[in-house]
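This report refers to the structure that appears directly beneath it.
In this chain, numbering begins with 1 at the start of the sequence shown. Remember, predicted model here, so these are calculated numbers, not experimental data.
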Amino acid sequence: MLLSVGSAVAQAPRTLSYQGFIVDASNAPIGGTHQITVKLYDVENGGAALHTETFTAPVTAGIFSVTLGSSSAISQVIGFDKPYWIGVTIDGGSEMAPRTALTSTPYALNAASVAPTAAVTSLNDLTG
């Protein structure tokens, strides 16, 4: 029997789930399948998009859900170490305003208190 041991690094997936609620001009929720373009920015207004993805997504009672990074990888340059905003365009129209600010989840906030220099140096009586 051959046992192969490799190194594995656990990383959080570089995807973001985003849900939205869309209404028409009379404030009624829309439905159907729509082209939804989502852009990630590091400024609240103006600026150039750091990441762009377009989805063909079902919208039910105004609600849609997409996953950024699922069809186009989010660049490693985007460090999620400063404020970011999401801009949304529906069916090729103008970007909706205001942009949505990304916020942390409670467990992610705890990551700041974890020692970034900590490393596993031994495991199950193995060292190195």
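Evaluation of the side-chain hydrogen bond (donor to acceptor under 3.5 Å, both in side chains) rule for Thr52 yields no partner, not counting sequence neighbours.
Val23 and Val59 are assigned to two separate hydrophobic clusters, defined by single-linkage of ILVMFWY side chains at heavy-atom distances under 4.5 Å.
Atom CG of Leu16 is separated from atom CD1 of Ile74 by 4.5 Å, given to the nearest 0.5 angstrom. Atom CZ in Phe64 sits 13.5 Å away from atom OG1 in Thr33 (nearest 0.5 Å). In this structure, OG on Ser71 lies 5.0 Å from CZ on Phe55, to the nearest 0.5 angstrom. Interatomic distance, CG of Leu40 versus CD1 of Ile86, reported as 6.0 Å (0.5 Å rounding).
Nearest heavy-atom pair, Ile30 versus Asp24, reported as atom, atom and distance to 0.1 Å: CG2-N, 3.7 Å. Ser65 and Ser17 make their closest contact through OG-OG, 4.4 Å (heavy atoms, listed as atom of the first residue, atom of the second, distance). Residues Phe80 and Tyr84 come closest through the heavy atom pair CA-CE1, 3.4 Å. Of all heavy-atom pairs between Arg14 and Ile78, the closest is NH2-O, 2.7 Å.
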_Test side chain to side chain contact (heavy atoms under 4.5 Å, CB included) on Lys39 and Arg99; report intermediate values, then the result._
CA-CA 10 Å; Lys39 296 181 179 183; Arg99 290 178 181 158; over 6 Å; no

*Pair Leu50-Asp42, side chain to side chain contact (heavy atoms under 4.5 Å, CB included): steps then yes or no*: CA-CA 7 Å; Leu50 304 174; Asp42 61 357; 3.7 Å; yes

*Under the side chain to side chain contact (heavy atoms under 4.5 Å, CB included) criterion, do Trp85 and Asn45 qualify, and how do the steps go?*
CA-CA 9 Å; Trp85 288 264; Asn45 299 296; over 6 Å; no

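Tyr18 has its side chain out of reach of Thr67: every pair of non-hydrogen atoms, C-beta onward, lies at least 4.5 Å apart. Between Ile36 and Glu53 there is no side-chain heavy-atom pair separated by less than 4.5 Å. Under the 4.5 Å side-chain criterion, counting only non-hydrogen atoms from C-beta, Leu102 is not in contact with Thr100. In this structure, the side chains of His51 and Val38 stay at 4.5 Å or more apart for every pair of heavy atoms.
Counted by atom type alone, Glu95 and Thr89 present zero donor-acceptor pairs between their side chains at under 3.5 Å. There is a side-chain donor-acceptor pair under 3.5 Å between Thr54 and Thr37.
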